[in-house]
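Worksheet: one structure, shown below.
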Amino acid sequence: MKTCFLHLGLHKTASSSFQQTCAWNRKTLGKQGFHYPLFACEYSRPKRLKINNHSVPLRCLYDQNPKNYHINKRWKINRLDEAIRDYDAQLTEALSRDASIILSGEGLSLLSGQALSQLVERIRAEGFVICPLALVRSPLDYAHSIAQQLIRGGQHLELVGCGPLLVPQPMKRLTIPDGQRELAMLRSVFGEDLQLVPFRRACAHSHGPVGYLLEEFCSVSNLELIKFQNSQESKSNGWVRVQNLINRRWPIFDPQKQLNPDHFRLQDDLASTGKFRLTRTEVDLLKDQLAQSNQAMVDLLSEEFVLADDSVSDELTVAEVSQIITDLARSTLSSSAAS
């Protein structure tokens with residue numbers, strides 16, 4: 001009997017690093033009987049020929065409205081129907097192999113229960129036993145991480161300030177999710193088969209969460225043969241806050257939900273400003289939501305799932321903001337002179 005190890009995220013739990021590691025080590029995994037498929041899209045600009053995040057093809061195949069899937073907009077796919085047919089053929093080929101398969105897509109938790117059930121039935125119909133797993137961050141740790149991701153992705157968050165230039169405000173709508181809806185949906189589909197693991201526990205593995213997923217979830221042996229990859233997506237405190245200021249004026253999507261040609265990303269990492277975390281003021285603005293989310297997480301899972309790092313960033317001072325602006329101006333001048 002073949003096994004499908006179905007990694008469902010959740011978001012912000014080293015999914016990208018796991019996917020990149022599996023893609024990099026496909027031959028090594030293959031020798032142990034695991035197939036990690038790579039997908040291709042000929043219709044994106046530029047072409048994407050080694051897609052290791054399975055959220056992309058599977059969301060296109062099973063989402064109710066793939067035209068609104070943000071990846072399809074970002075990749076500028078001009079013949080979506082043909083792209084979906086290609087994804088379908090590639091999935092059929094992957095499932096036809098006489099080997100266990102690893103599928104990984106944090107975006108699968110955003111499908112409807114009905115859509116995910118259709119995918120599950122297709123996998124089972126090809127003779128697989130499905131082992132589903134999701135790593136779960138605590139609500140507080142998730143808030144720090146998802147705030148950065150949303151800003152990196154071009155959204156503006158009222159919650160995140162930028163020293164004296166932008167004062168943090170309560171969010172008009174719930175922008176920072178807590179995973180409750182996704183967890184409830186996954187449980188409705190998989191029931192007791194679903195493994196839910198606190199992200200902090202996975203991080204305690206000697207090779208971090210990627211090592212945990214490979215060894216403890218997929219039962220991959222000889223991790224010394226694995227070349228671990230790190231997506232290194234994190235940005236600095238100064239970068240996130242200045243980019244959020246930019247996103248306020250030029251968000252990645254315009255009011256018609258089309259790509260905004262005026263949107264741009266900072267090129268300077270501003271690494272000297274340290275690691276991004278929400279400030280104490282910003283965390284306090286989320287206090288009620290976090291309290292509700294923590295209680296819901298305890299009721300749904302256990303106390304272990306709400307343990308969190310309580311560290312925060314300091315507020316940017318006038319001097320620090322002035323230095324960031326000065327450094328950016330110098331960087332811009334240097335680039336102009338070089339060109």
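This chain uses plain numbering: 1 for the first residue, then up along the sequence.
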Problem set entry | For Ser104, side-chain hydrogen bond (donor to acceptor under 3.5 Å, both in side chains) partners two or more places apart | His7, Gln19
Any side-chain donor paired with an acceptor under 3.5 Å for [X] and [Y]?
| X | Y | result |
| --- | --- | --- |
| Asp299 | Gln295 | yes |
| Asp327 | Gln323 | yes |
| Ser221 | Gln32 | yes |
| Ser112 | Gln64 | no |
| His205 | Glu216 | no |

Are [X] and [Y] close enough for a salt bridge, meaning some N to O gap below 4.0 Å?
| X | Y | value |
| --- | --- | --- |
| Asp88 | Arg122 | yes |
| Arg241 | Glu282 | yes |
| Asp81 | Lys67 | no |

Roughly how far, to the nearest 0.5 Å, is the [atom2] atom of [Y] from the [atom1] atom of [X]?
| X | Y | atom1 | atom2 | result |
| --- | --- | --- | --- | --- |
| Ser311 | Asp141 | OG | CG | 8.5 Å |
| Gln169 | Leu285 | CD | CG | 8.0 Å |
| Leu108 | Met185 | CG | CE | 8.5 Å |

Exercise. Would you say the ring centroid of His54 lies under 6.0 angstrom from that of Tyr36?
Worked result: yes
Problem set entry | Heavy-atom donor-acceptor pair, Asp268 side chain to Leu328 backbone, under 3.5 Å | no
Problem set entry | Steps toward side-chain contact (heavy atoms from CB on, under 4.5 Å) verdict (Leu300, Phe305) | CA-CA 10 Å; Leu300 183 66; Phe305 286 85; over 6 Å; no
